Enquirer: 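Before we start, here is the structure in question, set down as structure tokens.
Given the structure is predicted, the values throughout are model-derived calculations rather than measurements.
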Amino acid sequence: MKAFLAQCRGARIPVKSDLPLCEYSTFRIGGKADFALFPTTVEQFSLQLAMLAQSGLQYKVIGNGSNVLFSDAGYRGVMVFTTEMKQYRFDKDTLYAQSGAGLGRVCTEASRQGFEGFAFGCGIPGTVGGGVYMNAGAYGGELSQCFISGLFL
């Protein structure tokens, strides 16, 4: 753990310790995580995952905690929250969104921009990444109908 923390400091990656998970769940439950990371860029996210894989530490990647039940016992390891990776943009007929972008917000803006098939997601409280992972859907639509690829921005 010490080596991992030293790597984070060397790469200027902020780390929070003893993070109350209840503050990061829509259900407002859960104990503390030993450590948490909040990447803001794809490069930072990739570096963190590589460092975690190399360290052998237990870790989980979480969006904004919608539909997540954290244990009251907490988490012995590192939580990586993607909520700061929230950029999205439109380019002709393609929408590009980072995993931490709010799904409801992205779908609402896509509908405003004339993209068909996104209206179903306007009220979904999760993130794009969580929505893709779970194939979020409502009212007869789902992300698998809109999703092309998991490319980095």
Enquirer: Could you list the residues that satisfy salt bridge (Lys or Arg N to Asp or Glu O under 4.0 Å) with R9, not counting sequence neighbours?
Expert: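 For R9 there are no salt bridge (Lys or Arg N to Asp or Glu O under 4.0 Å) partners, ignoring immediate neighbours.
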Enquirer: Got F118 and L95 here, is their nearest side-chain heavy-atom distance under 4.5 Å?
Expert: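 In contact.
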Enquirer: Looking only at non-hydrogen atoms, find the nearest pair between L143 and F120 and report the distance.
Expert: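 Answer, listing the atom of L143 first, then F120: N-CZ, 3.6 Å.
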Enquirer: Applying side-chain contact (heavy atoms from CB on, under 4.5 Å) between V78 and each of L5, V61, L57, report the one that passes.
Expert: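 That would be L57; it is the only one of L5, V61, L57 passing the side-chain contact (heavy atoms from CB on, under 4.5 Å) with V78.
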Enquirer: Among pairs that include at least one residue of residues 46-55, which meet salt bridge (charged side-chain N to carboxylate O under 4.0 Å, His left out), considering only residues two or more places apart or in two chains?
Expert: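 Checked against salt bridge (charged side-chain N to carboxylate O under 4.0 Å, His left out) - neighbours excluded - no pair reaches residues 46-55.
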Enquirer: A11: what forms a side-chain contact (heavy atoms from CB on, under 4.5 Å) with it, not counting sequence neighbours?
Expert: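 For A11 the side-chain contact (heavy atoms from CB on, under 4.5 Å) partners, ignoring immediate neighbours, are I13, L47.
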Enquirer: Provide the closest heavy-atom pair for N64 versus G126 in the form atom of the first, atom of the second, distance.
Expert: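 Looking at all heavy atoms of both residues, the closest pair is OD1-CA, 3.8 Å.
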Enquirer: Just verifying a value: how many Å separate Q44 CD and M51 CE, rounded to the nearest 0.5 Å?
Expert: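 Answer rounded to 0.5 Å: 10.0 Å.
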Enquirer: Can you list the residues that meet the salt bridge (Lys or Arg N to Asp or Glu O under 4.0 Å) rule with R12, with sequence neighbours excluded?
Expert: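 Salt bridge (Lys or Arg N to Asp or Glu O under 4.0 Å) list for R12, sorted by chain: empty.
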Enquirer: Roughly how far apart are Q48 CD and S55 OG, rounded to 0.5 Å?
Expert: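 The CD atom of Q48 sits 11.5 Å away from the OG atom of S55.
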Enquirer: So, using ring pair (Phe, Tyr, Trp, His ring centres under 6.0 Å) as the criterion, who are the partners of Y133 when residues are at least two apart?
Expert: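 Counting only residues at least two positions away or on another chain, Y133 forms no ring pair (Phe, Tyr, Trp, His ring centres under 6.0 Å).
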Enquirer: Give the minimum heavy-atom separation between G141 and Q145, together with the two atoms involved.
Expert: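 Where G141 meets Q145 most closely, the heavy atoms are CA-OE1, 3.3 Å.
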Enquirer: How far apart are the closest heavy atoms of N67 and F27, and which atoms are they?
Expert: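 Residues N67 and F27, closest heavy atoms: CA-CE1, 3.6 Å.
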Enquirer: Suppose the criterion is salt bridge (charged side-chain N to carboxylate O under 4.0 Å, His left out): which pairs have a residue in residues 113-136, not counting sequence neighbours?
Expert: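 Listed by first then second residue: nothing to list.
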Enquirer: Mind checking side-chain contact (heavy atoms from CB on, under 4.5 Å) for P125 and listing every partner two or more places apart, or none if nothing turns up?
Expert: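 side-chain contact (heavy atoms from CB on, under 4.5 Å) list for P125, sorted by chain: S66.
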Enquirer: Is there a donor-acceptor pair under 3.5 Å between the side chain of T82 and the backbone N or O of M85?
Expert: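 Between the backbone of M85 and the side chain of T82 there is no qualifying donor-acceptor contact (under 3.5 Å).
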Enquirer: Measuring from F35:CZ to L19:CG, what's the distance to the nearest 0.5 Å?
Expert: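 Separation between the atoms: 11.5 Å.
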Enquirer: Minimum heavy-atom separation for I62 and G65, please, with both atom names.
Expert: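 Shortest heavy-atom contact: CG2-N, 3.9 Å.
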Enquirer: Which residues pass the salt bridge (Lys or Arg N to Asp or Glu O under 4.0 Å) test with D18, sequence neighbours left out?
Expert: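 Partners of D18 under the salt bridge (Lys or Arg N to Asp or Glu O under 4.0 Å) test: none.
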Enquirer: For residues V15 and L49: do they belong to one hydrophobic cluster (side chain heavy atoms under 4.5 Å, members Ile, Leu, Val, Met, Phe, Trp, Tyr)?
Expert: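 As far as the 4.5 Å side-chain criterion goes, L49 and V15 are connected within one cluster.
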Enquirer: When clusters are formed by joining ILVMFWY residues with side-chain heavy atoms under 4.5 Å apart, either directly or through shared neighbours, do V80 and F4 land in the same one?
Expert: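 Linked within one cluster.
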Enquirer: May I have all residue pairs that pass ring-ring contact (aromatic ring centres under 6.0 Å, His included) and include part of residues 50-74, sequence neighbours excluded?
Expert: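 Pairs touching residues 50-74 that pass the test: none.
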Enquirer: Scan residues 23-39 for pairs that pass side-chain hydrogen bond (donor to acceptor under 3.5 Å, both in side chains), counting only residues two or more places apart or in two chains.
Expert: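 For residues 23-39, and leaving out neighbouring residues, the side-chain hydrogen bond (donor to acceptor under 3.5 Å, both in side chains) pairs sorted by first residue read D34-R76.
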Enquirer: Could you report the tightest heavy-atom contact between L103 and G131, atom names first, then the distance?
Expert: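 In this case the closest contact between L103 and G131 is CD2-CA, 4.2 Å.
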Enquirer: Look up atom CE in M134 and atom CD in E142, then write down how far apart they are to the nearest 0.5 Å.
Expert: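 Interatomic distance, M134 CE to E142 CD, rounded to 0.5 Å: 12.5 Å.
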Enquirer: Holding to side-chain contact (heavy atoms from CB on, under 4.5 Å), I want the full list of residues that pass it with Q113, two or more places apart in sequence or in another chain.
Expert: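 Applying side-chain contact (heavy atoms from CB on, under 4.5 Å) to Q113 gives F90, E109, F115.
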Enquirer: Can you spot which of V106, T41, V42, T127 makes a side-chain contact (heavy atoms from CB on, under 4.5 Å) with Q98?
Expert: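 Among the candidates, only V42 passes.
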Enquirer: List in chain and number order the residues that pass side-chain contact (heavy atoms from CB on, under 4.5 Å) with E84, two or more places apart in sequence or in another chain; answer none if no residue qualifies.
Expert: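 Scan of E84 (side-chain contact (heavy atoms from CB on, under 4.5 Å), adjacent residues dropped) gives F38, T40, K86.
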Enquirer: Calculate, to the nearest 0.5 Å, the distance between atoms CG and CD1 belonging to L69 and I29 respectively.
Expert: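 Rounded to the nearest 0.5 Å, the CG-CD1 separation comes to 4.5 Å.
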Enquirer: Can you measure from CG (L52) to NZ (K60) and round to the nearest 0.5 angstrom?
Expert: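 The NZ atom of K60 is 12.5 Å from CG of L52, to the nearest 0.5 Å.
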